[in-house]
Every structure is written in C-alpha cells, then in structure tokens.
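Here the structure is laid out as structure tokens; the discussion comes afterwards.
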Amino acid sequence: MARIIVVTSGKGGVGKTTTSAAFAMGLAERGFKTVVIDFDVGLRNLDLIMGCERRVVYDFVNVIQGEANVGQALIKDKRNPNLFILPASQTRDKDALSIEGVGKVLEDLGREFEFIVCDSPAGIEKGATLAMYYADDAIVVTNPEVSSVRDSDRMIGILSSKSRRAEQNLEGIREFLLVTRYSPERVQRGEMLALEDVQEILSLELIGVIPESTSVLNASNSGVPVIMDRESSAGQAYSDMVSRYLGEDLPHRFLKVEKKGLLGRLFGG
Amino acid sequence: MALLDYFRQRKTSGSAAIAKERLQILVAHDRRGGGPSYLPQLQHDILKVIRKYVAVDNDAVSVHVEQNGGQEILELNIVLPD
C-alpha cells in the first residue's frame with residue numbers, strides 16, 4: 001500500500017508546488033517509485049515546475065471521468081525512472097473532482113507506487129480538501145510571515161477534522177512543518193519571525209527549513225526540481241528534508257547568518 | 001556606505017516581535033472558533049494594562065464568551081505569576 005502525502009498550506013505562493021516537485025524527485029532519487037499529482041484543477045503548474053508541460057496529453061480529470069485510464073495520463077519523468085507526474089486539467093474547474101473519483105484513482109496508483117505526493121491548491125475549497133482527504137501524512141508549508149502562519153494554523157485544524165482518517169476514527173494524519181523562504185539575515189535583524197517563533201505558534205514537528213535562495217527561481221525557470229541543484233542551499237535543505245521524512249535524524253542547516261570577514265562587513269558584498 | 005550600515009544595523013528594533021505577538025492572539029482566537037470580533041483586541045488591551053503593573057506571560061489573559069440561554073457571559077481569567 002502506498003503512503004499518501006499531501007503538501008498543503010492554505011495561503012498561495014508559499015512554495016507548495018516547488019516543495020511537491022522537490023520532495024517527489026527526492027523520494028524517486030532514493031529509489032522509491034513515486035507519483036506526484038497536481039490537484040490544482042484550472043490552474044495547473046506542477047507540469048511547468050517539473051519541466052514536462054509539453055508532454056501533457058490526458059489529465060487527472062480525464063481519468064476521474066473515465067475518458068482515459070491512469071496509465072495514459074501519467075507522464076514519466078525523463079530524468080528519473082522512478083518518478084511519474086499526474087497533471088491537473090487546465091480547462092475544467094474544481095467541481096470536476098469528486099471524493100469517490102479521487103479515491104478510485106489513488107487506489108489504482110497505490111498498487112503501482114510506494115509514495116503518492118498530492119500537490120494541494122491554495123485555499124480551503126474543494127481542491128484543497130480533496131487533496132488532503134486521503135492523506136496519511138501532511139507537509140504544511142509555511143513562510144515566516146503573519147498571513148502564512150495564520151493560514152497554516154487554520155489548515156492544521158482542517159487536517160485533523162476533515163480527512164478520511166478523522167472520519168473513520170483512524171490514527172490521525174502525521175503532520176510536519178516545512179518553513180520555506182527563511183532568511184537568517186532578516187531574522188537576526190529582527191525583521192522576520194524566527195524559526196522558534198513559528199514552531200511555538202504552530203507546535204508541529206519541524207521537517208525542514210528551506211532558506212531563501214535564488215536557485216529556486218532558477219530551477220522553476222528551467223523546469224528542474226530545485227533538489228537537483230546539489231550546489232544550492234535550497235537543494236541541500238530539500239534533500240535533508242527527504243532524509244528526515246524517511247526517518248533519518250539530521251540537524252537543521254542554513255539557520256545562521258554566514259559570518260563575513262571584517263573587510264566584507266566594512267565594505268559590503 | 002557599508003560602513004554606516006554596519007553601525008546602523010545593530011540598533012534596528014525589528015517588527016518580528018510585533019508579528020509574533022499579533023499572531024499568538026489571533027491564532028488563539030481562530031482556534032476557539034469565534035466569539036465577538038472585538039475579543040482579541042480586548043484581550044490584547046487587558047494584557048497591556050496588566051503589564052503596566054505585573055510582568056505576565058502572553059497567555060496570562062484568557063477571554064471567553066459563553067451563551068447561556070438568553071444571556072451572554074464574558075469570562076475573564078488572569079493568571080498572575082507567583
């Protein structure tokens with residue numbers, strides 16, 4: 001049986017799709033058969049971030065409505081044989097998804113794959129609640145910023161009440177906090193919520209901290225999950241996060257301001 | 001100019017502390033799921049007044065509204081440090 005992970009946040013633009021792409025690629029790189037599903041019907045973007053936008057033929061909605069089978073809709077990643085992408089429909093709206101339809105597709109995928117990563121849309125509407133409904137684990141993506149933290153808190157509440165596990169009185173969804181766009185410099189200057197503050201407010205287990213990094217935009221520009229940029233701090237932080245998800249105990253990195261030399265401090269740069 | 005920035009940097013009192021305080025109040029309110037909209041501000045103000053006299057934690061003041069038949073009961077709980 002596959003493990004189903006939802007990447008969620010409530011607020012838009014905090015890095016759900018970036019995280020879904022990096023996390024799924026990371027799992028595939030460790031040898032796990034992984035599929036990543038875009039639940040953002042009407043505003044699909046995962047295909048772009050994964051760099052397979054020109055290979056979309058059938059989509060999630062086609063499969064749910066029986067116009068294609070799941071094998072026809074899956075796109076095989078060209079870089080990693082373990083990774084597949086199920087794109088969202090760009091032309092339909094979220095009502096095209098149904099709880100039974102999503103359940104059936106996940107069940108079919110569960111026979112083939114070890115991990116199913118669900119990239120949730122922003123908001124708390126149907127697409128987002130369906131993305132989390134069948135989840136075993138949730139990664140709550142949060143920026144160190146007031147509206148993102150508040151929305152994440154709201155999402156945590158919804159996770160614990162509106163899921164299959166909650167409705168069937170099973171063990172709850174395992175929830176993890178992923179802080180993205182973290183800037184130690186701004187935290188040190190007192191301009192940004194510190195990691196400890198975010199953790200204190202949300203009280204979730206921290207699975208990773210992704211530092212603010214130019215490599216994230218570079219990666220999405222070129223359609224390559226940022227985890228493949230091994231040189232970048234963001235890529236390394238995502239790799240650490242995958243390891244922690246798989247049970248490794250790693251210290252968090254990139255939390256402190258890198259010390260500049262005296263000359264560097266005096267003359268900038 | 002970098003030299004100036006270096007000295008200036010030290011004394012910036014950032015906005016992060018304000019963000020944290022606002023969030024703590026807001027999140028506590030969201031979790032209770034309702035009550036009148038002025039409750040968080042009321043709680044915030046009461047906390048401020050108490051802090052003029054005693055140093056208390058952020059969560060020292062809890063404000064609660066209960067419906068009891070036709071009556072609304074405002075329950076205010078203040079925990080003072082021992």
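Each chain gets a letter, A, B and so on, in the order its sequence line appears, and its residues count up from 1.
Salt bridge B:Asp30/A:Arg154: absent, no basic N to carboxylate O contact under 4.0 Å.
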| message | B:Leu23 vs A:Leu193, test: side chain to side chain contact (heavy atoms under 4.5 Å, CB included). Steps then yes/no. | response | CA-CA 10 Å; B:Leu23 265 173; A:Leu193 285 166; 3.6 Å; yes
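Between B:Gln24 atom CD and A:Ile201 atom CD1 the span is 5.0 Å, to the nearest 0.5 Å. Interatomic distance, CZ of A:Arg189 versus OG of B:Ser15, reported as 11.0 Å (0.5 Å rounding).
Both the backbone and the side chain of A:Asp197 come within less than 4.5 Å of a heavy atom of chain B.
Heavy atoms from other residues, nucleotides or ligands lying under 6.0 Å from CZ of A:Arg44 number more than 12. Heavy atoms from other residues, nucleotides or ligands lying under 6.0 Å from CD of A:Gln168 number more than 12. A:Arg3 CZ: more than 12 foreign heavy atoms inside a 6.0 Å radius. Remark: A:Glu167 CD is packed, more than 12 non-hydrogen atoms of other residues, nucleotides or ligands lying under 6.0 Å away. Applying the 6.0 Å contact sphere to CD of A:Glu185 captures more than 12 heavy atoms from other residues, nucleotides or ligands.
Counting heavy atoms from C-beta on, the side chains of B:Val27 and A:Leu202 never come closer than 4.5 Å.
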